[in-house]
Amino acid sequence: MPVSKAIVVTLLIGIIVFCERLFPFAVFSRRKPGKLIHIFERYIPPVVMIGLLIYSLRDIRFAAISQWLPQLSAISFTIVTYLWKKNSLVSIFGGTIIYMILIRMI
């Protein structure tokens, strides 16, 4: 791809992302969000988390400890840390670190 086309594509993507970020502020700046937005705000994050959990456990095998211990340990750590600290970043990064250490050690 020529450099000029790459620049045009990059600028177009930047404009599209900017418009996507601007949209909620433009729509909801003068009025309150509807009930549907509040429903999305409340229920979509847990649904996404359940989907990610199912996705991460889809290929788990219990034949050997190295095939299930890292995943279940990281998930358990993430859940316990979130319930204890109520901080998503700490629990997600902690679970990721635990998983990465365990897959290298086991």
Side-chain angles (χ1 to χ4, degrees):
M1 175 184 289
V3 175
S4 60
K5 284 187 179 180
I7 291 172
V8 169
V9 168
T10 304
L11 289 173
L12 284 174
I13 291 172
I15 291 169
I16 290 169
V17 169
F18 178 76
C19 290
E20 287 176 343
R21 302 292 176 139
L22 182 67
F23 179 74
F25 296 104
V27 171
F28 298 119
S29 65
R30 296 191 180 158
R31 61 186 172 117
K32 292 185 177 182
K35 290 184 181 183
L36 184 63
I37 298 298
H38 290 296
I39 291 171
F40 286 159
E41 181 182 47
R42 182 171 181 174
Y43 293 111
I44 292 296
V47 169
V48 169
M49 291 299 132
I50 290 170
L52 289 172
L53 180 66
I54 292 169
Y55 178 77
S56 68
L57 295 176
R58 76 185 191 287
D59 292 329
I60 197 167
R61 304 284 185 262
F62 291 100
I65 194 167
S66 65
Q67 296 174 343
W68 59 267
L69 184 67
Q71 288 92 344
L72 294 182
S73 297
I75 289 168
S76 301
F77 180 85
T78 303
I79 291 170
V80 168
T81 307
Y82 180 76
L83 292 174
W84 176 43
K85 289 290 188 180
K86 301 287 190 226
N87 188 332
S88 298
L89 288 177
V90 171
S91 62
I92 291 170
F93 282 125
T96 303
I97 291 168
I98 295 283
Y99 177 74
M100 294 308 236
I101 290 170
L102 287 176
I103 62 170
R104 303 282 187 296
M105 291 177 60
I106 297 178

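Residues: numbered from 1 along the sequence shown. Please read all numbers here as calculations on a predicted model, not as lab measurements.
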Quick one: does Ser73's side chain have a donor or acceptor within less than 3.5 Å of a partner on Pro70's backbone?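 It does not hold such a pair.
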
Counting N and O atoms only, with roles assigned by atom type, does the side chain of Ser91 sit under 3.5 Å from a partner on the main chain of Ser88, one being a donor and the other an acceptor?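 Side chain of Ser91 to backbone of Ser88: a pair is present.
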
Are Arg21 and Phe18 in a cation-pi contact, defined as NZ or CZ under 6.0 Å from the six-membered ring centre and within 45° of the axis? no

Is there a continuous path of hydrophobic side-chain contacts, each under 4.5 Å between heavy atoms, that joins [X] to [Y]?
{"X": "Ile98", "Y": "Leu72", "value": "yes"}
{"X": "Val80", "Y": "Ile75", "value": "no"}
{"X": "Ile50", "Y": "Val48", "value": "no"}
{"X": "Ile97", "Y": "Met105", "value": "yes"}
{"X": "Phe77", "Y": "Phe93", "value": "no"}

So, taking the atom named [atom1] in [X] and the one named [atom2] in [Y], what distance separates them when rounded to the nearest 0.5 Å?
{"X": "Thr78", "Y": "Leu53", "atom1": "OG1", "atom2": "CG", "value": "9.5 Å"}
{"X": "Tyr99", "Y": "Thr96", "atom1": "OH", "atom2": "OG1", "value": "10.0 Å"}
{"X": "Ile106", "Y": "Ile103", "atom1": "CD1", "atom2": "CD1", "value": "10.0 Å"}
{"X": "Ile44", "Y": "Ile37", "atom1": "CD1", "atom2": "CD1", "value": "10.5 Å"}
{"X": "Ile92", "Y": "Asn87", "atom1": "CD1", "atom2": "CG", "value": "9.0 Å"}
{"X": "Leu102", "Y": "Arg104", "atom1": "CG", "atom2": "CZ", "value": "11.0 Å"}

Looking only at non-hydrogen atoms, find the nearest pair between Gly95 and Ala74 and report the distance.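 Distance-wise, the nearest heavy atoms are O-CB, 3.3 Å.
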
Which heavy-atom pair separates Leu57 from Gln71 by the least distance, and what is that distance?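 Heavy-atom minimum between the residues: CD2-CB, 4.2 Å.
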
Just checking Phe25: does its CZ atom have more than 12 heavy atoms from other residues, nucleotides or ligands closer to it than 6.0 angstrom? no

Is it true that atom CZ of Arg42 has more than 12 heavy atoms of other residues, nucleotides or ligands lying nearer than 6.0 Å?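 No, because the 6.0 Å sphere around CZ of Arg42 holds 12 heavy atoms or fewer from other groups.
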
Could you walk me through whether Met49 and Leu52 pass the side chain to side chain contact (heavy atoms under 4.5 Å, CB included) test, one step at a time? CA-CA 5 Å; Met49 291 299 132; Leu52 289 172; 4.3 Å; yes

Checking Ile15 against Cys19 for the side chain to side chain contact (heavy atoms under 4.5 Å, CB included) test, could you report, in this order, the C-alpha distance in whole Å, the side-chain angles of both residues, the deciding distance, and whether it holds? CA-CA 6 Å; Ile15 291 169; Cys19 290; 4.3 Å; yes

